Student: 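My questions will all concern the structure given below.
Every heavy atom of this structure was used, including side-chain atoms; hydrogens, water molecules and symmetry mates were not. All values derive from a computational prediction rather than experimental measurement. Residue numbers start at 1 and run along the sequence shown.
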Amino acid sequence: MKLVIGLDGQSSGEKALDFAKSIAKASEACELIVVYVIEWSPFSFQTAEENEQRHKRREEEIAIAMERVVEPAVASLKAAGHDARAIVRHGDVADTIDAVAHSEGATQIIVARSSAGGFSSRIFGSSTANLVMNARVPVTVVA
């Protein structure tokens, strides 16, 4: 069994990690894949100078996400005796987590409910809601 755990860098991610640990503990063989997505639109308009710096900025963002969010999460999973690894990508959160889960052959996606709200999320929907509606594997949202 493979479980994808989507983290958003907030404290709510601990709830998703704890839930995934409980599922993995009950399973004979379970791989936990921690996924962090950096919002990145390929459709933004940029100057020539910005395009030159874009690759460098992407690499810096991945390194920061790995150090601050993903590596500590994977370390906690491994310390609890679980098989775990990390993936950091740029893109749309819901689409990217779904794509990772699909390509990895995951049986489930686990995410924590985000506390973010406001006008824009009511109009456009949250990443969590988009993931639940469009994912190709079951999604568990931990409150």
Student: Are Leu32 and Val35 joined in one hydrophobic group, where the rule is that I, L, V, M, F, W and Y side chains link up if heavy atoms are under 4.5 Å apart?
Tutor: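 Hydrophobic grouping puts Leu32 apart from Val35.
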
Student: Is a side-chain N or O of Ser27 found less than 3.5 angstrom from the main chain of Ile23, in a donor-acceptor match?
Tutor: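 Flag not set: sc Ser27 to bb Ile23 has no pair under 3.5 Å.
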
Student: Is it true that atom CZ of Arg58 has more than 12 heavy atoms of other residues, nucleotides or ligands lying nearer than 6.0 Å?
Tutor: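 Above 12, so yes.
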
Student: Can you tell me how far the CD1 atom of Ile5 sits from the CD1 atom of Ile97, to the nearest 0.5 Å?
Tutor: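 Nearest 0.5 Å value for the CD1-CD1 distance: 11.0 Å.
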
Student: Where do His90 and Glu61 come nearest, in terms of heavy atoms and distance?
Tutor: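 So the two residues come closest at NE2-OE1, 3.0 Å.
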
Student: Indicate yes or no: at least one non-hydrogen side-chain atom of Leu7 is less than 4.5 angstrom from one of Leu17.
Tutor: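 Yes - at least one pair of side-chain heavy atoms lies under 4.5 Å apart.
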
Student: Please say yes or no: joined through hydrophobic side-chain contacts below 4.5 Å, possibly via intermediate residues, are Val74 and Met1 part of one cluster?
Tutor: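 Yes, Val74 and Met1 fall within the same hydrophobic cluster.
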
Student: Verify, without hydrogens or angle tests, whether Lys2 (side chain) and Glu104 (backbone) share a donor-acceptor contact under 3.5 angstrom.
Tutor: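 Side chain of Lys2 to backbone of Glu104, a donor-acceptor pair under 3.5 Å: yes, one is there.
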
Student: Could you grab the distance from atom NZ of Lys78 to atom CD of Glu71, nearest 0.5 Å is fine?
Tutor: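 If I round to the nearest 0.5 Å, the distance is 10.0 Å.
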
Student: Decide whether Ile33 and Val70 are clustered together by the hydrophobic rule: side chain heavy atoms of Ile, Leu, Val, Met, Phe, Trp, Tyr closer than 4.5 Å, transitively.
Tutor: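 Different clusters.
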
Student: side-chain contact (heavy atoms from CB on, under 4.5 Å), that's the test. Do Ile110 and Val142 meet it? Break it down for me.
Tutor: CA-CA 7 Å; Ile110 300 169; Val142 181; 3.9 Å; yes

Student: I'd like to know if Ile62 and Val34 are part of one continuous hydrophobic network [Ile/Leu/Val/Met/Phe/Trp/Tyr, side-chain heavy atoms within less than 4.5 Å].
Tutor: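 Yes, Val34 and Ile62 fall within the same hydrophobic cluster.
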
Student: Is there a donor-acceptor pair closer than 3.5 Å between any side-chain N or O of Asp98 and the backbone N or O of Leu131?
Tutor: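 Checked: no pair found.
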
Student: Please walk me through it: do Val100 and Val37 pass side-chain contact (heavy atoms from CB on, under 4.5 Å)?
Tutor: CA-CA 10 Å; Val100 168; Val37 180; over 6 Å; no

Student: Please lay out, stage by stage, how Thr107 and Val137 fare under the test side-chain contact (heavy atoms from CB on, under 4.5 Å).
Tutor: CA-CA 6 Å; Thr107 53; Val137 298; over 6 Å; no

Student: For residues Tyr36 and Gly9, report the shortest heavy-atom separation together with the two atoms involved.
Tutor: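 Reported closest heavy-atom pair: CE1-N, 3.7 Å.
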
Student: Does one hydrophobic cluster hold both Val69 and Leu77, with members joined at side-chain heavy-atom distances below 4.5 Å?
Tutor: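 Yes, one cluster joins them.
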
Student: Does Thr96 reach the main-chain N or O of Val93 with its side chain, forming a donor-acceptor pair under 3.5 Å?
Tutor: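 Answer holds: no.
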
Student: State the NE2-CG distance between His102 and Asp95, to the nearest 0.5 angstrom.
Tutor: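 So the gap between those two atoms works out to 13.0 Å.
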
